Amino acid sequence: MNDEQLLRYSRQLMLPEIDAAGQLRLAQATVLLVGAGGLGSACAIYLAAGGVGHLILTDFDHVDLSNLQRQILYDTADIGRPKVEAAAARLRALNPDVKLTLLAQALTEDELTKYSEQADVIIDGSDNFTTRFAVNRVSVATRTPLVSAAAIRFEAQLSVFNPQDETSPCYRCLYQEDSEVEATCTANGVLAPLLGIAGSIQATEAMKLIMGLGNTLQGRLLLLDVMAMEWHSAVLPKDPGCPVCGGAK
């Protein structure tokens, strides 16, 4: 690291659990971020600020006025721009050292697989079951750890699924693929800071995975209710009959 980078990351480098070795792991890492909406905005900002070397951003959407309440990567001047293009401008201004790969389209499962194979961690910032199930299948197939989150109204849930550990559940262990259509922010609303909280935790878990720090949310489902301002943690076991990660393949 040069002098400017030492200063930029000095507050992390001061942490003995991270030091120069951990910061170097971040610099050498690639994160695939699926979705640059409310969750992806907060997550991408902290990954870039924290020094993750390569971010692969994928989102097919354009910035809309209604996004600005919670998608903090964008501002009013970005309305109408492709989200990944606007996101790249913000992230490069924040940290020019970060390499960005921009994918302004909905990826097929084969394309997701291709980019997952390049990544150390996948972040799921999508807002629908179809994408989440596809990302989970790719995570298991490529053995790439997945940091998952969802937020609606005043509640959020998060977990980490790590196919490199045979004891880890996957997203399919939590939800059946014939689940009813889920609630969305568009139809039901969401409190703006809730996305920031959940996205920041996703960034934290990704950085911990990259640097091998602490205990992740693997095997646990973290639940936040901001109306009561209460956190709950539930055990999330692996389903031995799961058709994706279990024996019923």
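Given the structure is predicted, the values throughout are model-derived calculations rather than measurements. Residue numbers start at 1 and run along the sequence shown.
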Flag if over 12 foreign heavy atoms under 6.0 Å of CD, Gln164: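 Enclosed: over 12 neighbouring heavy atoms sit under 6.0 Å from CD of Gln164.
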Asn2 atom CG: more than 12 heavy-atom contacts under 6.0 Å: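 Enclosed.
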Hydrophobic cluster of Val235, others only, ordered by chain and residue number, side-chain cut-off 4.5 Å: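 Answer for Val235: none, a lone residue.
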For Leu7, the rest of its hydrophobic cluster, which grows through side-chain links under 4.5 angstrom: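 Grouped by the 4.5 Å side-chain rule, Leu7 forms a cluster of one, so the answer is none.
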Flag for Ser139-Asn136: side-chain donor and acceptor within less than 3.5 Å: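 Looking only at side-chain atoms, Ser139 and Asn136 do not form any donor-acceptor pair under 3.5 Å.
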Asp64 and Ser66: side chain donor to acceptor below 3.5 Å: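 Note: Asp64 and Ser66 side chains meet the donor-acceptor criterion.
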Hey, quick one: are [X] and [Y] part of the same hydrophobic cluster, counting side-chain heavy atoms closer than 4.5 Å, chains of contacts allowed?
X	Y	result
Trp231	Val226	yes
Leu55	Leu94	yes
Leu236	Tyr175	yes
Val98	Leu24	no
Ile45	Leu39	yes

Identify the heavy atoms of [X] and [Y] that sit nearest to each other, and give their distance.
X	Y	result
Asn188	Ile152	CB-CD1, 4.0 Å
Ala36	Gln71	O-OE1, 4.0 Å
Ser41	Tyr74	OG-CE1, 4.0 Å
Cys245	Cys170	SG-SG, 3.5 Å
Asp59	Gly37	OD2-N, 4.0 Å
Thr113	Val138	OG1-CG2, 3.5 Å

Residues which pass salt bridge (charged side-chain N to carboxylate O under 4.0 Å, His left out) with Arg25, listed by chain and number, not counting sequence neighbours: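 In terms of salt bridge (charged side-chain N to carboxylate O under 4.0 Å, His left out), with neighbours along the sequence ignored, Arg25 is linked to no residue.
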What distance separates [X] [atom1] from [Y] [atom2], expressed to the nearest 0.5 Å?
X	Y	atom1	atom2	answer
Arg132	Arg172	CZ	CZ	15.0 Å
Asp225	His232	CG	NE2	6.5 Å
Thr101	His54	OG1	NE2	2.5 Å
Lys114	Thr108	NZ	OG1	9.5 Å
Leu57	Leu102	CG	CG	6.0 Å
Phe60	Leu107	CZ	CG	10.5 Å

With the side chain counted from C-beta on, respond yes when [X] and [Y] share a heavy-atom pair under 4.5 Å apart, and no when they do not.
X	Y	answer
Gln5	Asp97	yes
Thr131	Val34	yes
Ile122	Val135	yes
Leu103	Ile56	yes
Leu6	Leu13	yes
Asp75	Leu68	no

Mutual orientation of the aromatic rings belonging to Phe133 and Phe129 [parallel < 30°, tilted 30-60°, perpendicular > 60°]: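 Plane angle under 30°, so parallel.
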Is [X] reaching over with its side chain to a backbone N or O of [Y], donor-acceptor style, under 3.5 angstrom?
X	Y	answer
Asp120	Thr30	yes
Asn95	Ala48	yes
Lys83	His62	no
Gln118	Tyr115	no
Gln12	Gly50	yes
Ser168	Asn162	yes

Derivation of the side chain to side chain contact (heavy atoms under 4.5 Å, CB included) call for Arg92 and Leu100: CA-CA 8 Å; Arg92 286 176 178 137; Leu100 298 173; 3.8 Å; yes
Side chain to side chain contact (heavy atoms under 4.5 Å, CB included) partners for Ala203, two or more places apart: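 Side chain to side chain contact (heavy atoms under 4.5 Å, CB included) check on Ala203 returns Cys43, Tyr46, Leu47.
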Result of checking Thr142, Leu146, Val140 against Thr144 for side chain to side chain contact (heavy atoms under 4.5 Å, CB included):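 Going through Thr142, Leu146, Val140 one by one, the side chain to side chain contact (heavy atoms under 4.5 Å, CB included) with Thr144 is satisfied by Thr142 alone.
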Atom pairs and distances, donor-acceptor, side-chain atoms in residues 191-202, under 3.5 Å, two or more places apart:
| from | atom 1 | to | atom 2 | distance (Å) |
| --- | --- | --- | --- | --- |
| Ser200 | OG | Gly196 | O | 2.7 |
| Gln202 | NE2 | Asp124 | O | 3.0 |
| Gln202 | NE2 | Val147 | O | 3.2 |

Worked verdict on Val121 versus Leu32 for side chain to side chain contact (heavy atoms under 4.5 Å, CB included): CA-CA 6 Å; Val121 179; Leu32 170 60; over 6 Å; no
Pairs of donor and acceptor atoms involving the side chains of residues 207-223, under 3.5 Å and at least two apart or interchain, shall be tabulated with distances.
| from | atom 1 | to | atom 2 | distance (Å) |
| --- | --- | --- | --- | --- |
| Lys208 | NZ | Glu205 | OE2 | 2.7 |
| Lys208 | NZ | Asn215 | O | 2.6 |
| Thr216 | OG1 | Gln218 | N | 3.2 |
| Gln218 | NE2 | Asp165 | OD2 | 2.8 |
| Arg220 | NH2 | Thr216 | O | 3.0 |

Side-chain ion pair, Arg137 and Glu177, N-O less than 4.0 Å: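 Salt bridge: yes.
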